[in-house]
Amino acid sequence: MTSIEQTGKNVEEATQLALEKLGVTEDQVDVEILDEGTKGFLGIKQSPAVVRVTVKVQPEEHPAPRPRAPRQRKPKAQEAAVKAEKQAAPKAKPAPVKKEAAPEPAKAEPAAPQAEVEKAKITEDIAQTAERARQVLQHILDGIGMGGTAQVKSAADGRIQINITGGDSAVLIGKHGQTIDSLQYLVNVIINRHLEERVRISFDVEGYRERREDTLRQHALFLAKKVKESGQEAVLEPLRANERRIVHTALADDPDIYTYSEGTEPERYVVISPKK
Amino acid sequence: MKDLIDYLVKALVDDPDAVNINEVPGEEATTYEIRVASADLGKVIGKQGKIANALRVVAKAAAMREKKRVYLEIIP
């Protein structure tokens, strides 16, 4: 069963994008609205719509399709418990294919509560996923031929962090992190293609992410000062959403200016404007 | 370089056997023609060419070593 989360300007757009990604039609999926999103005003307070689109399982595989009531995100523990229940109930269901490589953790011990067994499996899975991601990245790094060794820094809760050490870090980072962002994007696509539950993989080269965040913040503060002195708006270069957020956050508490984003992706940029 | 592109494209598509990378050497730049199964075209292009562009950036990084420009062309 494939399920993806997709954001978009509104629910309709998000759904459409998700369908394109999955390559299916609307009648083949269940759409669950996680966030309706708000239009906002002048780019302030707007938030994208988020939907989860799940491809319906083939009837022959699952004789009893379980109805999925639209739900709010459940707290983790509750979700795990629900999963454990599901696992316990349909004995007829074949073993999950994806996990074949994972050694069955302590099947003989009936003492362990179901929920905990399930949790152990998930962490094991993500460690495996992390290792696969590392291998893919290492293969690409070797192909680029600028050195660099990939190491898994952490893997938990659907997030994987991989660090690249050594090699020509200037090339591997690229202009404004272009190369590392592209590597990260490609490996995310490659790894998540076959995963039931999406993971988020992020790469870092020699503490670049943190340095970049500092640089952006400094630059934002510098521009804010100029805006206040001149009373004129200032515009930053186009940034990605997460980087724009750093700028907005850095200046959010300044009472003399306000910030908003303008333009369409990938050329969307932050404007710093004086409050009159 | 060709191996790298081949590896990435095959990792992205559903039908890796249909992937064919053709290297066209030029004076200043090398062009790599990428052919995939038509059902997989979207998988190498991505929304608004996002995947194709990421591939280009990675190829560019790899080309730094050879000090030559590199073009990727996805042939439909």
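In this text, all values refer to a predicted model and were calculated from it rather than measured experimentally. Reminder, nothing fancy here: chain letters follow the sequence lines and each chain counts from 1.
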Determine whether more than 12 heavy atoms belonging to other residues, nucleotides or ligands lie under 6.0 Å from atom [atom1] of [X].
X: A:R159; atom1: CZ; result: no
X: A:E210; atom1: CD; result: no
X: A:K153; atom1: NZ; result: no
X: B:R69; atom1: CZ; result: no
X: B:Y71; atom1: OH; result: no

Taking all non-hydrogen atoms of both residues, which atom of [X] and which atom of [Y] are closest, and how far apart?
X: B:V58; Y: A:S182; result: CG2-CB, 4.3 Å
X: A:T179; Y: B:V57; result: CA-CG1, 3.6 Å
X: A:V136; Y: B:Y7; result: CA-OH, 3.4 Å

Region of [X] in contact with chain A, defined by heavy-atom distances below 4.5 Å:
X: B:V44; answer: neither
X: B:K60; answer: side chain
X: B:I5; answer: neither

With a 4.5 Å limit on heavy-atom distance, are the side chains of B:R65 and A:V171 in contact?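 B:R65 does not reach A:V171 side chain to side chain.
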Winner by heavy-atom pair count (cut-off under 4.5 Å) against chain A, out of B:Q48, B:K50, B:M64, B:R56: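 Option with the top pair count is B:K50.
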With rounding to the nearest 0.5 angstrom, report the [atom1] to [atom2] distance, [X] to [Y].
X: A:I190; Y: B:K43; atom1: CD1; atom2: NZ; value: 13.0 Å
X: A:E265; Y: B:K47; atom1: CD; atom2: NZ; value: 10.5 Å
X: B:D3; Y: A:D142; atom1: CG; atom2: CG; value: 11.5 Å
X: B:L8; Y: A:H139; atom1: CG; atom2: NE2; value: 8.5 Å

